[in-house]
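For reference, the structure discussed in these notes is given below.
First the proteins, then the strands, lettered A, B, ... as listed; each starts at 1.
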Amino acid sequence: HDQYMELINGYVERKQPADAELVLDEMEDDGALPRAVCLNAVLNGWCEAGRMDEALGVLERMKTLGCQPIASTYNTLIKGLGKAGRLADTTVLLKAMLASDNAKVRPNLRTFNTLINGWCEVGKVDEARRVLGMMRGSGIDPDVVSYNTLIKAYGKAGQLERAESIVTEMENAYLRPNERTYGVLVKSYCEHGKMMEAMDLIDWMRTKGVAPNVTIYNTIIQGFVQKRQMISAKRVLEKMEGGGVQPDVASFSTLMNGWAVAGDAEEARKVLEGMKEAGIAPDVEAYSVLAKAYSRSARCEDAEVLLAEMTEQTLEPNVVTYTTILSCYCSRGQMEAAMRLFRGMDEVGVPPNGYTYRTLVWGFSEAKEPWKTEEILSHMEASGQLPD
RNA sequence: AACUCAUGAAGCCUUG
């Protein structure tokens, strides 16, 4: 039983839901009735892979095995269907849940919130609001998450005044906006370049008794970075330090990324050093950003040196790190160097992905040697890689 | 144990 579970979890983690499902077959053959945990795990695996028909198949399997799907099972499916753009198919599930007289099956807060999020993701906020009404009708009051999700949707759509009005709406429902509520709002303003408003929210949330956290500040840093306002971005970093909020690795990475995009490797490097001085250890992402900074200034060798620097700190460069450096060589037309790195990836056990392949193909075509993509294509086939 | 909301990395082929 436990061994089966471990097997299943292993396959699911490795994103091989088909193999996980095979374990279920084995269990049945061995006369061990798959428990709900196992079935849920497999179902989850299919959902994460976006294979919703298979996931729904597991639901049927549960029923035939006499295993009662509970609300969380349905929730997983609803989320998956939403991500697959099949929200319409959730109505059947919701009906089944509502029809149940088992409290464990009936839709819960998460069910509705997942639905709300699904509709919001496809920009159908009106549908999302309908779900709000529906949940009240079934005796479940919307919570902070429900409202945060709505705020996010309006924010994304650029309807910032509507977003703000949802905040008052939730307050009227005796719900206190939390860190995330303000986080979503700040993000929305940043996305639309309204940095003044975003900054003002920091003070506003304080007056509301919610202390701005590191994520809020990081979001604002990112906002300035996207507007290419590096001085302001840096000021936010200093402001947070002054405000008693410790910048984290993401704060510095975000700032560094701004310099990377600007092609200023020296400034990027300074940020990395500053981060170390602040006692924060750069992680793989941080180094990848620095690699990008060197790449954008065509300093491929400096970028490549980072691989060793990372290893010294027992950090393992990943596919993004490699692809970044590789693209540098590609853009310089040095395809031998790019291929050297590409082959090196296999040796260190970092399998290339679609981005890597595309970068190389692009590089060869730029270098006017399209026939050399042969090795890459065969490598792709051998590893069973298909463009994601 | 798995299910809902905010922050950082790869020249990206639904945005000019």
Side-chain angles (χ1 to χ4, degrees), chain A residues 5 8-9 12 35-45 47-48 70-80 82 107-118 120-121 131 142-153 155 177-188 190-191 212-223 225-226 247-258 260-261 268 271 282-293 295-296 317-328 330-331 352-356 358-359 362-363 366 387:
Chain A
M5 192 61 214
I8 291 175
N9 280 334
V12 170
R35 293 267 303 129
V37 236
C38 301
L39 290 153
N40 279 327
V42 177
L43 187 142
N44 193 38
C47 285
E48 288 194 345
I70 56 172
S72 52
T73 312
Y74 285 107
N75 293 349
T76 308
L77 283 166
I78 290 174
K79 178 191 177 185
N108 56 27
L109 187 56
R110 284 194 180 213
T111 312
F112 291 114
N113 283 343
T114 307
L115 261 176
I116 292 171
N117 189 49
C120 285
E121 291 276 300
V131 177
D143 72 344
V144 190
V145 174
S146 324
Y147 285 102
N148 287 351
T149 310
L150 281 182
I151 294 168
K152 177 188 172 187
N178 61 16
E179 292 177 323
R180 292 215 176 194
T181 312
Y182 295 106
V184 173
L185 270 179
V186 167
K187 174 101 193 285
S188 303
C190 288
E191 276 174 346
N213 61 17
V214 64
T215 300
I216 303 266
Y217 282 107
N218 289 352
T219 306
I220 295 182
I221 294 176
Q222 169 78 325
V225 162
Q226 277 167 349
D248 62 8
V249 59
S251 323
F252 287 99
S253 292
T254 308
L255 188 67
M256 193 163 48
N257 187 47
V261 172
V271 175
D283 60 8
V284 176
E285 286 191 41
Y287 273 106
S288 299
V289 173
L290 186 55
K292 174 162 100 173
S295 295
R296 295 278 243 249
N318 62 21
V319 60
V320 177
T321 325
Y322 274 101
T323 306
T324 304
I325 303 171
L326 202 143
S327 75
C328 183
C330 286
S331 60
N353 63 15
Y355 282 96
T356 322
R358 248 171 281 160
T359 305
W362 165 74
E366 282 290 293

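To the nearest 0.5 Å, atoms CE (A:M256) and CD1 (A:I221) are separated by 12.0 Å. Taken from OG in A:S288 to CD1 in A:I325, the straight-line distance is 8.0 Å, to the nearest 0.5 Å.
No contact: A:N108 has no heavy atom under 4.0 Å from any strand. Nucleic acid contact class of A:N40 (heavy atoms, under 4.0 Å, all strands): base. A:A286 comes within 4.0 angstrom of a nucleotide base, judged by non-hydrogen atoms across all strands. If you check every strand for non-hydrogen atoms under 4.0 Å, A:S72 touches a base. When heavy atoms are screened at a 4.0 angstrom cut-off, A:V144 is found touching no nucleic acid atom at all. Across all strands, A:N213 comes closer than 4.0 Å to base atoms (heavy-atom distances). Across all strands shown, A:V184 has heavy atoms under 4.0 Å from sugar-phosphate atoms exclusively, and none from any base. Nucleic acid contact for A:S288: base, since at least one base atom lies under 4.0 Å from a heavy atom of the residue. Contact annotation for A:N318: base contact, defined as any heavy-atom pair under 4.0 Å involving a base atom. Residue A:V145 is classed as a base contact, given a heavy-atom separation below 4.0 Å to a base. Contact annotation for A:T114: backbone-only contact, meaning every heavy-atom pair under 4.0 Å involves sugar-phosphate atoms and none involves a base. Residue contacts for A:R296: at a heavy-atom cut-off of 4.0 Å it reaches the sugar-phosphate backbone alone, with no base atom in range.
Legend: residues meeting salt bridge (charged side-chain N to carboxylate O under 4.0 Å, His left out) with A:K292, ordered by chain and number and at least two apart, are absent. A search for side chain to side chain donor-acceptor pair (under 3.5 Å) contacts involving A:N318 returns A:T321, not counting sequence neighbours.
Under the side-chain hydrogen bond (donor to acceptor under 3.5 Å, both in side chains) rule, A:T111 has a single partner from A:N108, A:N113, A:T114, which is A:N108.
A:T181 and A:N178 share a donor-acceptor pair across their side chains, judged by distance under 3.5 Å alone. Counting only N and O atoms by type, the side chains of A:N257 and A:T254 include no donor and acceptor under 3.5 Å apart.
In the 5' to 3' direction, nucleotides of RNA chain B lying under 4.0 Å from heavy atoms of chain A begin and end at B:A1 to B:C13.
Between the C1' atoms of B:A6 and B:A10, the separation comes to 24 Å (whole Å). A distance of about 24 Å separates the C1' atoms of B:U7 and B:G11, rounded to the whole Å. The gap from the C1' atom of B:G16 to that of B:C12 amounts to 14 Å, rounded to the nearest Å.
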